[in-house]
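Structure first, then comments.
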Amino acid sequence: MSTPLSPPENLTARPGKIMLVGLGPGSNDHLTARARAAIAEADTIIGYVTYIRLVADLVAGKEVIKKSMTEELDRAIEALERARQGKKVALISSGDAGVYGMAGPTFEVLFQAGWTPDSAIEVEIVPGASALNTCAALVGAPLTHDFCAISLSDLLTPWPTIARRLDAVAYADFVVALYNPKSGRRTQQIVEAQRLFLRHRDPQTPVAIVKSGYRPKQRIELTTLEKMNEAEIGMLSTVLIGNSNTFIQHGLMVTPRGYANKYAVEDGERNTHAGEQAGRSLSTGLNGWMAAIQQSGRSAAELAAEYRLPEDYIAAVLQAELPAEDEAACE
(Lines give C-alpha, C1' and ligand atoms only; values in the text may rest on other atoms or scores of the structure.)
Protein backbone atom coordinates (compact mmCIF):
# COMPACT_ATOMS: atom_id res chain seq x y z
CA MET A 1 0.00 0.00 0.00
CA SER A 2 1.55 3.28 -1.05
CA THR A 3 -0.63 5.48 1.17
CA PRO A 4 -0.73 4.96 4.98
CA LEU A 5 -4.14 4.65 6.57
CA SER A 6 -5.26 7.31 9.03
CA PRO A 7 -6.44 6.30 12.51
CA PRO A 8 -9.80 4.50 12.67
CA GLU A 9 -11.53 7.40 14.43
CA ASN A 10 -11.33 9.43 11.23
CA LEU A 11 -13.92 7.10 9.80
CA THR A 12 -16.62 9.08 11.56
CA ALA A 13 -15.27 12.59 10.92
CA ARG A 14 -17.57 13.41 8.02
CA PRO A 15 -19.91 10.76 6.62
CA GLY A 16 -19.25 9.92 3.02
CA LYS A 17 -20.15 7.01 0.77
CA ILE A 18 -18.29 4.43 -1.28
CA MET A 19 -20.16 2.87 -4.19
CA LEU A 20 -18.49 -0.19 -5.71
CA VAL A 21 -19.88 0.01 -9.22
CA GLY A 22 -19.86 -2.86 -11.70
CA LEU A 23 -19.93 -1.51 -15.25
CA GLY A 24 -20.83 -4.79 -16.93
CA PRO A 25 -19.04 -5.48 -20.22
CA GLY A 26 -18.36 -1.82 -20.86
CA SER A 27 -21.01 -0.72 -23.32
CA ASN A 28 -23.54 1.88 -22.20
CA ASP A 29 -26.36 -0.37 -23.40
CA HIS A 30 -25.40 -2.92 -20.74
CA LEU A 31 -24.79 -0.50 -17.89
CA THR A 32 -27.52 -0.94 -15.28
CA ALA A 33 -29.76 1.97 -14.31
CA ARG A 34 -28.40 1.86 -10.75
CA ALA A 35 -24.78 1.92 -11.99
CA ARG A 36 -25.55 4.94 -14.14
CA ALA A 37 -27.27 6.68 -11.22
CA ALA A 38 -24.38 5.89 -8.86
CA ILE A 39 -21.88 7.48 -11.24
CA ALA A 40 -24.13 10.52 -11.56
CA GLU A 41 -24.45 10.74 -7.77
CA ALA A 42 -20.71 10.50 -7.15
CA ASP A 43 -18.40 13.45 -6.51
CA THR A 44 -15.30 11.38 -7.25
CA ILE A 45 -14.70 8.56 -9.73
CA ILE A 46 -11.83 6.16 -9.08
CA GLY A 47 -10.74 3.30 -11.30
CA TYR A 48 -8.33 1.65 -13.67
CA VAL A 49 -7.73 4.00 -16.59
CA THR A 50 -9.29 1.62 -19.15
CA TYR A 51 -12.48 1.31 -17.11
CA ILE A 52 -12.78 5.07 -16.70
CA ARG A 53 -12.45 5.41 -20.46
CA LEU A 54 -15.51 3.19 -20.86
CA VAL A 55 -17.69 5.73 -19.02
CA ALA A 56 -15.88 8.90 -20.06
CA ASP A 57 -19.11 10.51 -21.22
CA LEU A 58 -20.65 10.05 -17.74
CA VAL A 59 -17.86 11.53 -15.59
CA ALA A 60 -17.44 15.02 -17.05
CA GLY A 61 -17.05 17.67 -14.35
CA LYS A 62 -16.23 15.18 -11.60
CA GLU A 63 -12.98 14.50 -9.79
CA VAL A 64 -11.48 11.53 -11.65
CA ILE A 65 -8.62 9.50 -10.16
CA LYS A 66 -7.00 7.06 -12.57
CA LYS A 67 -4.88 4.16 -11.38
CA SER A 68 -2.89 1.45 -13.12
CA MET A 69 -3.76 -2.25 -13.38
CA THR A 70 -1.79 -3.35 -10.29
CA GLU A 71 -2.88 -0.55 -7.96
CA GLU A 72 -6.09 -2.08 -6.59
CA LEU A 73 -5.24 -1.38 -2.95
CA ASP A 74 -4.30 2.20 -3.82
CA ARG A 75 -7.71 2.66 -5.41
CA ALA A 76 -9.42 1.37 -2.27
CA ILE A 77 -7.31 3.63 -0.02
CA GLU A 78 -8.11 6.66 -2.20
CA ALA A 79 -11.81 5.81 -2.00
CA LEU A 80 -11.66 5.63 1.78
CA GLU A 81 -9.78 8.93 2.07
CA ARG A 82 -12.31 10.73 -0.14
CA ALA A 83 -15.22 9.20 1.80
CA ARG A 84 -13.63 10.43 5.05
CA GLN A 85 -13.80 13.91 3.53
CA GLY A 86 -17.54 13.48 3.15
CA LYS A 87 -17.49 12.74 -0.58
CA LYS A 88 -19.53 10.23 -2.50
CA VAL A 89 -17.11 7.98 -4.36
CA ALA A 90 -17.81 5.65 -7.27
CA LEU A 91 -15.06 3.03 -7.32
CA ILE A 92 -15.62 1.34 -10.65
CA SER A 93 -14.84 -2.12 -11.99
CA SER A 94 -15.62 -3.73 -15.29
CA GLY A 95 -18.02 -6.65 -15.03
CA ASP A 96 -19.17 -7.09 -11.43
CA ALA A 97 -17.26 -5.45 -8.59
CA GLY A 98 -17.62 -8.64 -6.53
CA VAL A 99 -16.27 -11.00 -9.22
CA TYR A 100 -12.49 -10.49 -9.47
CA GLY A 101 -13.32 -6.83 -8.87
CA MET A 102 -12.79 -4.07 -6.33
CA ALA A 103 -15.22 -5.21 -3.63
CA GLY A 104 -12.76 -7.58 -1.94
CA PRO A 105 -9.75 -5.21 -1.74
CA THR A 106 -11.99 -2.39 -0.59
CA PHE A 107 -13.42 -4.36 2.31
CA GLU A 108 -9.91 -5.46 3.30
CA VAL A 109 -8.82 -1.82 3.47
CA LEU A 110 -11.99 -0.79 5.30
CA PHE A 111 -11.70 -3.54 7.91
CA GLN A 112 -8.03 -2.68 8.50
CA ALA A 113 -9.08 0.93 9.11
CA GLY A 114 -11.64 -0.15 11.71
CA TRP A 115 -14.74 0.27 9.55
CA THR A 116 -17.92 -1.61 10.41
CA PRO A 117 -21.35 -1.57 8.72
CA ASP A 118 -22.48 0.77 11.51
CA SER A 119 -19.77 3.35 10.70
CA ALA A 120 -20.74 6.71 9.26
CA ILE A 121 -19.28 5.84 5.86
CA GLU A 122 -21.86 3.96 3.82
CA VAL A 123 -20.75 1.24 1.40
CA GLU A 124 -22.92 0.07 -1.47
CA ILE A 125 -22.14 -2.65 -3.99
CA VAL A 126 -23.75 -1.99 -7.37
CA PRO A 127 -23.77 -5.30 -9.29
CA GLY A 128 -22.99 -5.62 -12.96
CA ALA A 129 -22.87 -8.51 -15.42
CA SER A 130 -19.53 -10.31 -15.23
CA ALA A 131 -17.52 -11.41 -18.27
CA LEU A 132 -18.72 -14.94 -17.62
CA ASN A 133 -22.34 -13.92 -18.30
CA THR A 134 -21.74 -11.49 -21.10
CA CYS A 135 -19.34 -13.65 -23.08
CA ALA A 136 -21.68 -16.61 -22.72
CA ALA A 137 -24.53 -14.54 -24.16
CA LEU A 138 -22.43 -13.73 -27.22
CA VAL A 139 -21.67 -17.35 -28.08
CA GLY A 140 -24.95 -19.12 -27.27
CA ALA A 141 -25.86 -20.93 -24.05
CA PRO A 142 -22.73 -22.59 -22.68
CA LEU A 143 -23.55 -22.08 -18.97
CA THR A 144 -26.93 -23.79 -18.68
CA HIS A 145 -25.44 -26.54 -16.54
CA ASP A 146 -22.93 -26.47 -13.67
CA PHE A 147 -20.01 -24.12 -14.25
CA CYS A 148 -17.23 -22.30 -12.43
CA ALA A 149 -14.71 -19.52 -12.97
CA ILE A 150 -10.94 -19.67 -12.45
CA SER A 151 -8.45 -16.86 -12.88
CA LEU A 152 -5.10 -17.81 -14.39
CA SER A 153 -3.41 -14.77 -12.89
CA ASP A 154 -0.60 -15.86 -10.57
CA LEU A 155 0.24 -12.32 -9.47
CA LEU A 156 -1.40 -12.98 -6.09
CA THR A 157 -2.24 -16.71 -6.17
CA PRO A 158 0.45 -19.44 -6.18
CA TRP A 159 0.47 -21.50 -9.36
CA PRO A 160 0.07 -24.87 -7.57
CA THR A 161 -3.21 -23.60 -6.11
CA ILE A 162 -4.45 -22.57 -9.55
CA ALA A 163 -3.29 -25.87 -11.07
CA ARG A 164 -5.11 -27.93 -8.43
CA ARG A 165 -8.31 -26.03 -9.13
CA LEU A 166 -7.94 -26.50 -12.88
CA ASP A 167 -7.32 -30.22 -12.49
CA ALA A 168 -10.26 -30.64 -10.11
CA VAL A 169 -12.82 -28.89 -12.30
CA ALA A 170 -11.54 -30.55 -15.46
CA TYR A 171 -11.95 -33.94 -13.78
CA ALA A 172 -15.39 -33.00 -12.42
CA ASP A 173 -16.67 -32.02 -15.90
CA PHE A 174 -17.61 -28.43 -15.12
CA VAL A 175 -18.02 -25.86 -17.86
CA VAL A 176 -15.22 -23.43 -17.00
CA ALA A 177 -14.66 -19.73 -17.62
CA LEU A 178 -11.00 -18.75 -17.52
CA TYR A 179 -10.38 -15.14 -16.48
CA ASN A 180 -7.04 -13.35 -17.02
CA PRO A 181 -5.89 -16.12 -19.34
CA LYS A 182 -2.81 -14.47 -20.81
CA SER A 183 -0.85 -11.24 -20.85
CA GLY A 184 2.32 -9.91 -22.42
CA ARG A 185 4.40 -11.40 -19.61
CA ARG A 186 2.18 -14.33 -18.57
CA THR A 187 2.05 -16.56 -21.64
CA GLN A 188 2.60 -20.07 -20.26
CA GLN A 189 -0.32 -20.25 -17.84
CA ILE A 190 -2.91 -20.87 -20.56
CA VAL A 191 -0.66 -23.59 -22.01
CA GLU A 192 -0.53 -25.34 -18.65
CA ALA A 193 -4.30 -24.97 -18.24
CA GLN A 194 -4.79 -26.72 -21.57
CA ARG A 195 -2.36 -29.47 -20.53
CA LEU A 196 -4.32 -30.12 -17.34
CA PHE A 197 -7.68 -30.14 -19.11
CA LEU A 198 -6.47 -32.57 -21.76
CA ARG A 199 -5.74 -35.08 -19.00
CA HIS A 200 -9.50 -35.39 -18.45
CA ARG A 201 -11.32 -33.94 -21.46
CA ASP A 202 -11.77 -34.96 -25.07
CA PRO A 203 -9.48 -32.86 -27.32
CA GLN A 204 -12.58 -31.96 -29.37
CA THR A 205 -14.31 -30.32 -26.38
CA PRO A 206 -15.79 -27.01 -27.62
CA VAL A 207 -14.08 -23.79 -26.55
CA ALA A 208 -15.18 -20.19 -27.09
CA ILE A 209 -12.76 -17.28 -26.84
CA VAL A 210 -14.32 -13.84 -26.51
CA LYS A 211 -12.17 -10.73 -26.61
CA SER A 212 -13.55 -7.30 -25.61
CA GLY A 213 -17.14 -8.50 -25.49
CA TYR A 214 -19.67 -5.73 -26.30
CA ARG A 215 -16.84 -3.28 -26.96
CA PRO A 216 -15.75 -1.82 -30.31
CA LYS A 217 -12.95 -4.38 -30.84
CA GLN A 218 -15.08 -7.41 -29.97
CA ARG A 219 -13.75 -10.67 -31.40
CA ILE A 220 -15.25 -14.15 -31.02
CA GLU A 221 -13.58 -17.42 -31.96
CA LEU A 222 -15.04 -20.92 -31.61
CA THR A 223 -12.48 -23.70 -31.46
CA THR A 224 -11.62 -26.88 -29.56
CA LEU A 225 -9.62 -27.69 -26.45
CA GLU A 226 -6.94 -29.23 -28.61
CA LYS A 227 -6.52 -26.11 -30.74
CA MET A 228 -7.44 -23.30 -28.36
CA ASN A 229 -3.87 -22.06 -27.94
CA GLU A 230 -3.66 -21.44 -31.68
CA ALA A 231 -6.28 -18.71 -31.18
CA GLU A 232 -5.67 -15.08 -30.25
CA ILE A 233 -5.88 -14.85 -26.46
CA GLY A 234 -4.96 -11.88 -24.26
CA MET A 235 -5.88 -10.08 -21.04
CA LEU A 236 -9.10 -8.80 -22.59
CA SER A 237 -10.17 -12.34 -23.44
CA THR A 238 -12.42 -14.76 -21.57
CA VAL A 239 -12.05 -18.45 -22.41
CA LEU A 240 -15.12 -20.69 -22.05
CA ILE A 241 -14.37 -24.43 -22.01
CA GLY A 242 -17.36 -26.74 -22.43
CA ASN A 243 -18.11 -29.96 -20.58
CA SER A 244 -18.48 -33.46 -22.05
CA ASN A 245 -21.98 -32.65 -23.36
CA THR A 246 -21.35 -29.16 -24.75
CA PHE A 247 -21.71 -28.86 -28.51
CA ILE A 248 -21.46 -26.24 -31.24
CA GLN A 249 -24.21 -26.06 -33.84
CA HIS A 250 -24.96 -23.31 -36.35
CA GLY A 251 -22.18 -21.27 -34.80
CA LEU A 252 -23.63 -21.44 -31.29
CA MET A 253 -22.08 -23.11 -28.25
CA VAL A 254 -24.68 -24.90 -26.12
CA THR A 255 -24.48 -26.98 -22.95
CA PRO A 256 -27.62 -29.13 -22.51
CA ARG A 257 -29.42 -28.76 -19.19
CA GLY A 258 -30.10 -32.51 -19.05
CA TYR A 259 -33.71 -32.74 -20.21
CA ALA A 260 -32.79 -35.52 -22.63
CA ASN A 261 -32.04 -37.73 -19.62
CA LYS A 262 -35.71 -37.66 -18.66
CA TYR A 263 -37.77 -36.58 -21.65
CA ALA A 264 -38.21 -37.47 -25.29
CA VAL A 265 -39.71 -34.73 -27.42
CA GLU A 266 -41.63 -36.16 -30.36
CA ASP A 267 -43.97 -34.26 -32.66
CA GLY A 268 -43.82 -31.27 -30.35
CA GLU A 269 -44.90 -33.25 -27.28
CA ARG A 270 -42.82 -33.93 -24.19
CA ASN A 271 -42.88 -37.53 -22.98
CA THR A 272 -40.91 -39.08 -20.12
CA HIS A 273 -38.59 -41.98 -20.77
CA ALA A 274 -39.49 -45.36 -19.31
CA GLY A 275 -38.89 -45.39 -15.56
CA GLU A 276 -38.85 -41.62 -15.22
CA GLN A 277 -41.47 -39.32 -13.70
CA ALA A 278 -42.01 -35.62 -14.31
CA GLY A 279 -41.24 -33.55 -11.22
CA ARG A 280 -39.32 -36.39 -9.52
CA SER A 281 -35.63 -37.17 -9.31
CA LEU A 282 -34.06 -39.21 -12.08
CA SER A 283 -33.94 -42.97 -11.67
CA THR A 284 -30.19 -42.38 -11.46
CA GLY A 285 -30.66 -39.50 -9.00
CA LEU A 286 -29.57 -39.82 -5.38
CA ASN A 287 -32.25 -42.29 -4.17
CA GLY A 288 -32.20 -44.47 -7.26
CA TRP A 289 -28.41 -44.54 -7.39
CA MET A 290 -28.05 -45.36 -3.68
CA ALA A 291 -30.57 -48.17 -3.97
CA ALA A 292 -28.84 -49.55 -7.06
CA ILE A 293 -25.36 -49.68 -5.57
CA GLN A 294 -26.60 -51.07 -2.26
CA GLN A 295 -28.30 -53.89 -4.15
CA SER A 296 -25.37 -54.47 -6.52
CA GLY A 297 -23.33 -56.66 -4.20
CA ARG A 298 -20.18 -54.94 -5.46
CA SER A 299 -17.34 -53.64 -3.32
CA ALA A 300 -16.72 -50.02 -2.49
CA ALA A 301 -13.46 -50.16 -4.46
CA GLU A 302 -15.19 -51.43 -7.60
CA LEU A 303 -17.95 -48.84 -7.38
CA ALA A 304 -15.49 -46.03 -6.65
CA ALA A 305 -13.57 -46.86 -9.81
CA GLU A 306 -16.74 -46.96 -11.92
CA TYR A 307 -18.22 -43.70 -10.64
CA ARG A 308 -14.92 -41.87 -10.15
CA LEU A 309 -15.80 -41.10 -6.55
CA PRO A 310 -13.75 -41.50 -3.34
CA GLU A 311 -13.83 -45.03 -1.95
CA ASP A 312 -14.56 -43.88 1.60
CA TYR A 313 -17.57 -41.93 0.32
CA ILE A 314 -18.89 -45.00 -1.51
CA ALA A 315 -18.34 -47.11 1.61
CA ALA A 316 -20.40 -44.66 3.67
CA VAL A 317 -23.20 -44.63 1.07
CA LEU A 318 -23.34 -48.44 1.10
CA GLN A 319 -24.06 -48.29 4.82
CA ALA A 320 -26.45 -45.33 4.74
CA GLU A 321 -30.21 -45.41 5.09
CA LEU A 322 -32.02 -44.42 1.91
CA PRO A 323 -33.42 -40.86 2.16
CA ALA A 324 -37.10 -40.17 1.59
CA GLU A 325 -38.00 -38.93 -1.89
CA ASP A 326 -39.38 -35.38 -1.99
CA GLU A 327 -42.91 -35.07 -3.27
CA ALA A 328 -41.87 -32.39 -5.75
CA ALA A 329 -38.53 -31.54 -7.24
CA CYS A 330 -37.26 -28.51 -9.08
CA GLU A 331 -36.51 -29.23 -12.72
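These numbers were taken from a predicted model, which means no experiment stands behind them. Position 1 is the first residue of the sequence, and the numbers go up from there.
Atoms CD and CD1, from E108 and I77 in turn, are 11.0 Å apart once rounded to the nearest 0.5 Å. To the nearest 0.5 Å, atom CD of residue E81 and atom CD1 of residue I65 are 10.5 Å apart. In this structure, I190 CD1 and I233 CD1 are separated by 4.5 Å, a value rounded to the nearest 0.5 Å. In this structure, S299 OG and I293 CD1 are separated by 11.0 Å, a value rounded to the nearest 0.5 Å. For the atom pair CD (Q188) and CG (N229), the distance works out to 9.0 Å, reported to the nearest 0.5 Å. Taking CD1 of I18 as the start and CZ of R82 as the end, the distance is 11.5 Å to the nearest 0.5 Å.
In the hydrophobic cluster analysis, where Ile, Leu, Val, Met, Phe, Trp and Tyr join through side-chain heavy atoms closer than 4.5 angstrom, V191 is grouped together with L198. Hydrophobic cluster membership differs between Y51 and Y214, with clusters built from Ile, Leu, Val, Met, Phe, Trp and Tyr side chains linked at under 4.5 angstrom.
Side-chain polar atoms of T246 and N243 form a donor-acceptor pair below 3.5 angstrom. Defined by atom type and a distance below 3.5 Å, a donor-acceptor pair is present between the side-chain atoms of H200 and D167. A donor atom on one side chain and an acceptor atom on the other are found under 3.5 Å apart for D57 and N28.
A salt bridge (charged side-chain N to carboxylate O under 4.0 Å, His left out) with E41 is found for one member of R36, R34, K62 and no other, namely R34. Residue Y179 is tested with S237, S130, S151 for a side-chain hydrogen bond (donor to acceptor under 3.5 Å, both in side chains); the sole match is S130.
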**Study point:** Chi angles and distances behind the salt bridge (charged side-chain N to carboxylate O under 4.0 Å, His left out) call for E71, R75
**Key:** CA-CA 6 Å; E71 295 178 332; R75 293 179 224 167; over 6 Å; no
Exercise for review: Would you sort out whether M102 and I92 count as a side-chain contact (heavy atoms from CB on, under 4.5 Å), showing the intermediate values?
Suggested key: CA-CA 7 Å; M102 283 302 303; I92 62 175; over 6 Å; no
Point to revise | Steps toward side-chain contact (heavy atoms from CB on, under 4.5 Å) verdict (L20, V123) | key: CA-CA 8 Å; L20 295 152; V123 177; 4.0 Å; yes
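Formation of a donor-acceptor pair under 3.5 Å by the Q189 side chain with backbone atoms of P181 is not found in this model. Of the possible polar contacts, one joining the T144 side chain to the T255 backbone as a donor-acceptor pair under 3.5 Å is found.
A 6.0 Å sphere centred on NZ of K17 holds more than 12 heavy atoms belonging to other residues, nucleotides or ligands.
By the 30° and 60° cut-offs, the orientation of the rings of W115 relative to F111 is tilted.
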